[in-house]
Engineer: 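For reference, the structure I am asking about is given below.
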Amino acid sequence: MPAREENPGRLRISEEIIAGCVCFAVAGLFGMRTGDGGRWLDWVYPQWLLGVIAAVGVILVVRGLLGYGNKRSLVPPVLRGGGTDVAAFAVLAIGYVLLVDVAGFWPMSALLVALASLYFAGERSRRTLIISVLTAVAVSLVGAVVFREIFYIPFPEPPWWPF
Amino acid sequence: MLDGLIAALGPGYLFFGLVGVVLGILVGALPGLTATMGTALLLPFTFNMPPGQGLAMLGGLYVAAMFADAVPACLVNTPGTPSALATSFDGNPLTRQGKGQVALVAASFSSMIGTIVGALVFLFLTPPLATAALEFGPPEFFWLGVFALTIIAGIAGDSILKGLAGGAMGMLIATIGLSATGGTSRYTFGFPELYGGVELVVALIGIFAMPQVFTMVRRRRQEATVGQYQRVPGAAVATVKEILRKPVNLIRSSLLGAGIGVLPGAGGPVAALVSYNEAMRWSKDRQKFGKGAVEGVVASETANNGGAGASMVPMLALGVPGSAPAAVILGALMLQGLRPGPELMERDSTLVHGFAFSILIAGIFTFVVGSLVAGQLARVVTIPVHLLAPIVFLLSVVGAFAIRSNLSDVYLMLGLGLIVYFLMNLGFHQGAIGLGVILGPIVEPALVQSISIARSSSYVEVFFTRPVSIGLIVLILLSVAWSVWSKQKERSRAST
């Protein structure tokens, strides 16, 4: 497969090389802890998997050096186009899962849905605001009734939660 | 047997069977709620019921949940249970093309056919199949797992190498925690939460639902909705006709599902994956697979529902459940004072046959209810992305938490989602990673047990001389050779 230059003129690298490096990183990370105690038989299978991942990594890097694979910009995707939206959502999601234990599952869920839908709405108007808030409250209420009352799943609740 | 049929057609059986089906559709459609959890929750309600009606309700829930896991798989690319992984490969592309209704009708119809075949196997072949299942030892399970892994070559797209690496990464994720065979702590990186391992459904939500949410968010400026919805009058009839035009796929998938479902431990996921692989191999339109082939949805759903009925075979004949929900149903039988085994088959044959017929009827209920709601469910894709993405995220969090009521599962799900999204951007296939996570827990114990056996005899003898193993090895070699040959053929066709 010939290399494809998507947008020449900026510093670019073959996707195969990046993928190969990711394989090395995974193999390295798990390889460091391979054989930590226990009987050898419990490590045979993970060692075999690490070998496969590392071998594929070598082949991918060689392919990349030979010019195979699409060329990608070295500017992290998070700083480009829709990547900023993904980063914003990831930050919102991480904040939500960290606060959910303190602030309560369903109140935080309503807040997350309302904030995220408002942030990602194309136009911000009173109508969008009302729809976002109503959706968030409805989804959280239905979720709380179905999962807590019917399936008895003990979601985290804050001390001030009245129900 | 006629007594069993008459009992299954009684109002009590039919009513509780329908209740089970409706609850099963709810449980299966929500990621994180599994058929096992549903049957376990229903178990206490069966205490005071006549045994047959209680079994009809549990069986109905199991069968319907095995269909309904296709709903999130098709609509938001998130398999409701591991058995629906292969359904998502084609069900979601169909939905994005505006054919969500077709995908769901195909799933419900093929689930019905699979359930009927599974129930017939349960009715007529229980004693011989239960004995044959005992011939399947660790080496055979190992080779069966490897055979299911050969699907990677078919789904990995342009890069089989990245598919292979993705599959190995998935299998590595499945090794986290205490090893099943020796109890050694592996790859916990100092986090006590990881000692229990990565829960399969949590991993699948992270691998499939999270990247889907991030992709929706990334494309929101170009695509205001995930897909379109085309209301097609008579879609259900047209879809059924299209499926019936390829009866070989239905028959092959049903038999594979029932055959693999009989094996304790293999279950629906392996049956669905093997069946999907075979459908892809033998199809004249194999280039459509992964891009929205109805045949792919049919193969996967027929097989996983065929496995549901067949998993009752070793449970009732030997007391060895073929799947986790079958284990709960075994519990229900024992709570009623009934002991599974050859004695039950003779002494309470009306109950056993009534249960088999009620599973068959539940399959028909599932199709009726499923095809009625398919059109409405398919409209989900028309919800604007700015509302749908946070809702899918919230459902994913609920699903991940619900499995063990543990917030660390939610952190794990989110972390996995971010990593897989990054890997997908580099050309790794999320299906291959998911496949590794599902098959890892089947392949590893089988491999370790086989090695343990081989150390006291010979590796060649254990791995390569048993008749079933030889058959599976031949199938693996043929499968790999076919994949390489068809890729070469596609390339040469593309270059000319």
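Sequence lines set the chain letters: A, B, ... in the order given, protein chains first and strands last, and positions in each chain run from 1.
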Engineer: Mind checking the CG-OH spacing from L98(A) to Y411(B)? Nearest 0.5 Å is all I need.
Structural biologist: 6.0 Å

Engineer: Could you check whether atom CZ of F191(B) has more than 12 heavy atoms from other residues, nucleotides or ligands sitting under 6.0 Å from it?
Structural biologist: no

Engineer: Heavy-atom distance under 4.5 Å between the side chains of L161(B) and E16(A), does that happen here?
Structural biologist: no

Engineer: Taking side chain as everything from C-beta outward and backbone as N, CA, C, O, which of these in L118(A) sits under 4.5 Å from a heavy atom of chain B? Side chain, backbone, both or neither.
Structural biologist: neither

Engineer: Taking all non-hydrogen atoms of both residues, which atom of R186(B) and which atom of D42(A) are closest, and how far apart?
Structural biologist: NH1-O, 2.5 Å

Engineer: How are the rings of F401(B) and F155(A) set relative to one another: parallel (under 30°), tilted (30 to 60°) or perpendicular (over 60°)?
Structural biologist: parallel

Engineer: Looking at chain B, which one of A114(A), A90(A), A121(A), A27(A) has the largest number of heavy-atom pairs inside 4.5 Å, strictly under?
Structural biologist: A121(A)

Engineer: What part of V97(A) gets within 4.5 angstrom of chain B, counting heavy atoms only: side chain, backbone, both, or neither?
Structural biologist: both

Engineer: So, using salt bridge (Lys or Arg N to Asp or Glu O under 4.0 Å) as the criterion, who are the partners of E15(A) when residues are at least two apart?
Structural biologist: R72(A), K162(B)

Engineer: Nearest heavy-atom pair of S452(B) and L41(A): which atoms, and what distance?
Structural biologist: OG-CD2, 3.2 Å

Engineer: List the atom of Y45(A), the atom of G440(B), and the distance in Å for their closest heavy-atom pair.
Structural biologist: OH-CA, 3.5 Å

Engineer: Below 4.5 Å, heavy-atom pairs only: which of T215(B), L418(B), V397(B) has the largest tally toward chain A?
Structural biologist: V397(B)

Engineer: Go through the atoms of L92(A) and report whether side chain, backbone, both or neither lie under 4.5 Å from a heavy atom of chain B.
Structural biologist: neither

Engineer: Which region of F189(B), side chain (C-beta onward) or backbone (N, CA, C, O), has a non-hydrogen atom less than 4.5 Å from a non-hydrogen atom of chain A, or is it both or neither?
Structural biologist: both

Engineer: Would you give me the side-chain donor-acceptor pairs under 3.5 Å for residues 383-393 of chain B, sequence neighbours excluded?
Structural biologist:
none

Engineer: CD1 of I153(A) to CZ of R404(B): how many Å apart, nearest 0.5 Å?
Structural biologist: 14.0 Å

Engineer: To the nearest 0.5 Å, how far apart are CG in L172(B) and CZ in F30(A)?
Structural biologist: 4.5 Å

Engineer: Within the supplied structure, the quantity of interest is the number of heavy atoms (other residues, nucleotides, ligands) at a distance under 6.0 Å from F24(A) CZ; does it exceed 12?
Structural biologist: yes

Engineer: Rounded at 0.5 Å granularity, tell me how far CD in E444(B) sits from CH2 in W48(A).
Structural biologist: 11.0 Å

Engineer: Do V398(B) and W106(A) make a side-chain contact, defined as non-hydrogen atoms from C-beta onward lying under 4.5 Å apart?
Structural biologist: yes

Engineer: Counting only heavy atoms closer than 4.5 Å, note whether R455(B) contacts chain A via side chain, backbone, both or neither.
Structural biologist: side chain

Engineer: Could you pull out the closest heavy-atom pair between P156(A) and L407(B), with the gap in Å?
Structural biologist: CG-CD1, 4.2 Å

Engineer: With a 4.5 angstrom heavy-atom cut-off, could you sort out which part of V52(A) is near chain B: side chain, backbone, both or neither?
Structural biologist: side chain

Engineer: Begin from the C-alpha positions of S159(B) and Y68(A) and carry the test side chain to side chain contact (heavy atoms under 4.5 Å, CB included) through to its verdict.
Structural biologist: CA-CA 11 Å; S159(B) 177; Y68(A) 286 92; over 6 Å; no

Engineer: Can you name the closest pair of heavy atoms from I53(A) and A168(B) and give their distance?
Structural biologist: CG1-CB, 3.6 Å

